[in-house]
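Comments concern the structure below.
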Amino acid sequence: MQSTTVIILSSAAAGLLAVGTIGYLVVDDPDQQVDSIELTGVTSGAAPGANGAASSEKNPASTQSVDGLEQLVGELRADDGDGDDPDDWSVSGVEVDFGPEEWLLTAPELEDFDGNGTVEPLLDELRGLEGGEVTLGVRYEADDDRDDADVYTVNGLAFRDTDSGPAPWQSTGDQTEADRDTVSANAAEAVGEGARTVEVERQDEDGWDGWDAEVLDAGGQEYEVILDAAGEVVDVRAED
């Protein structure tokens, strides 16, 4: 199926938005309109009620207008090959950003994106969608190539705030921060008896707050250990 990128128009666009839906206009054919899709849990611009006011409790605004997003449709692919890069995904040749690797490995649970009836850790949700067609609401990176995009909605479900709020992986400052010695000791313990930590680095990719440690086991095998800001181990993996 050939994918088409379409622009999500705001409520100011005449006639395209109805309560509970969002209209899409195909870029290369301004006279063609595709089916509206429903977005839930998005915090930007509540859809008005029939009288122009915000929806009431009896008619909650579960569907809202989203400004500045474009629709990207195509097969979701994991481009990591061997599973070593859980943050490496693409749709129709566009690299799509679901967040930094360290955060993805913390197994956050957000929504039932793959529609199997269970909210699972995000990587499991993405793997459930892998190889199938997805509809993403995205914003492209600020360059002319349009080959990198940040993801905001997945199949109509909110993935991250479309306003200026923090991304779901950005630190809220509510964790007690571990010191370097504690991080080093926890990393070595996670690898096993006789292991020693040879390097510890603070990681803050895209606002994720945590640690990355290089550990050698008793036999000299090198491991990468990822820990959160409090020094709790998130992931342990052997290096090639």
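To the nearest 0.5 Å, atom CZ of residue Phe98 and atom CG of residue Leu110 are 11.0 Å apart. In this structure, Asp148 CG and Asp97 CG are separated by 8.5 Å, a value rounded to the nearest 0.5 Å. Note that the CG atom of Asp114 and the CD atom of Glu120 stand 5.5 Å from one another [nearest 0.5 Å]. Taken to the nearest 0.5 Å, the CG atom of Leu126 stands 11.0 Å off from the CG atom of Asp87. Separating the CD atom in Glu95 from the CG atom in Asp145 is a distance of 10.5 Å, to the nearest 0.5 Å. In this structure, the separation between CG on Asp147 and OH on Tyr140 is 9.5 Å, given to the nearest 0.5 Å.
By the criterion of side-chain heavy atoms lying less than 4.5 angstrom apart, applied directly or through intervening Ile, Leu, Val, Met, Phe, Trp or Tyr residues, Leu76 is grouped together with Leu72 in one hydrophobic cluster. Hydrophobic clustering keeps Tyr223 apart from Ile226 (ILVMFWY residues linked when any side-chain heavy atoms are closer than 4.5 Å, directly or through intermediates). There is no path of hydrophobic side-chain contacts, each under 4.5 Å, that joins Val225 to Leu105. Linking ILVMFWY residues whenever their side-chain heavy atoms come closer than 4.5 Å, directly or via other members, leaves Leu216 and Val200 in distinct clusters. Under a hydrophobic clustering in which Ile, Leu, Val, Met, Phe, Trp and Tyr are joined whenever their side-chain heavy atoms come within less than 4.5 Å, directly or via other members, Val94 and Leu129 fall into the same cluster.
Residues Glu101 and Pro86 share a closest heavy-atom pair of CG-CG, 3.6 Å. In plain terms, the two heavy atoms of Ala178 and Val183 that are nearest each other are CB-CG2, 3.9 Å. Considering every non-hydrogen atom in both Ala195 and Ala188, the closest pair reads CB-O, 3.5 Å. For the residue pair Pro166 and Asp161, the shortest heavy atom distance occurs at O-CB, 4.5 Å. In plain terms, the two heavy atoms of Ala187 and Val215 that are nearest each other are CB-CG2, 3.8 Å.
Under a 3.5 Å cut-off, the side chain of Ser92 and the backbone N or O of Val73 do form a donor-acceptor pair. Remark: side-chain polar atoms of Asn186 are not paired, donor with acceptor, to backbone N or O of Ala190 under 3.5 angstrom. Gln221 contributes a side-chain N or O that, together with a main-chain N or O of Glu239, makes up a donor-acceptor pair within less than 3.5 Å. Here the side chain of Glu199 pairs no donor or acceptor atom with the backbone of Glu214 at under 3.5 angstrom.
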Step-by-step side chain to side chain contact (heavy atoms under 4.5 Å, CB included) determination, Glu130 to Trp89: CA-CA 9 Å; Glu130 184 180 355; Trp89 298 87; 4.2 Å; yes
Residues Asn155, Phe113; criterion side chain to side chain contact (heavy atoms under 4.5 Å, CB included); working and verdict: CA-CA 7 Å; Asn155 290 341; Phe113 294 121; 5.9 Å; no
Residue pair Arg139, Thr162: steps toward the side chain to side chain contact (heavy atoms under 4.5 Å, CB included) verdict: CA-CA 10 Å; Arg139 286 180 181 151; Thr162 58; 4.1 Å; yes
Steps toward side chain to side chain contact (heavy atoms under 4.5 Å, CB included) verdict (Leu227, Val234): CA-CA 5 Å; Leu227 308 92; Val234 172; 5.5 Å; no
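Residues Glu111 and Val119 fail the side-chain proximity criterion, which asks for heavy atoms closer than 4.5 Å. No side-chain heavy atom of Glu102 sits less than 4.5 Å from a side-chain heavy atom of Trp169. Between Arg160 and Val151 the shortest side-chain heavy-atom distance does not fall below 4.5 Å. Counting heavy atoms from C-beta on, the side chains of Leu122 and Trp103 come closer than 4.5 Å. For the pair Leu136 and Val154, the minimum side-chain heavy-atom distance is below 4.5 Å.
The one candidate from Asp228, Asp209, Asp212 that meets the salt bridge (Lys or Arg N to Asp or Glu O under 4.0 Å) condition with Arg202 is Asp209.
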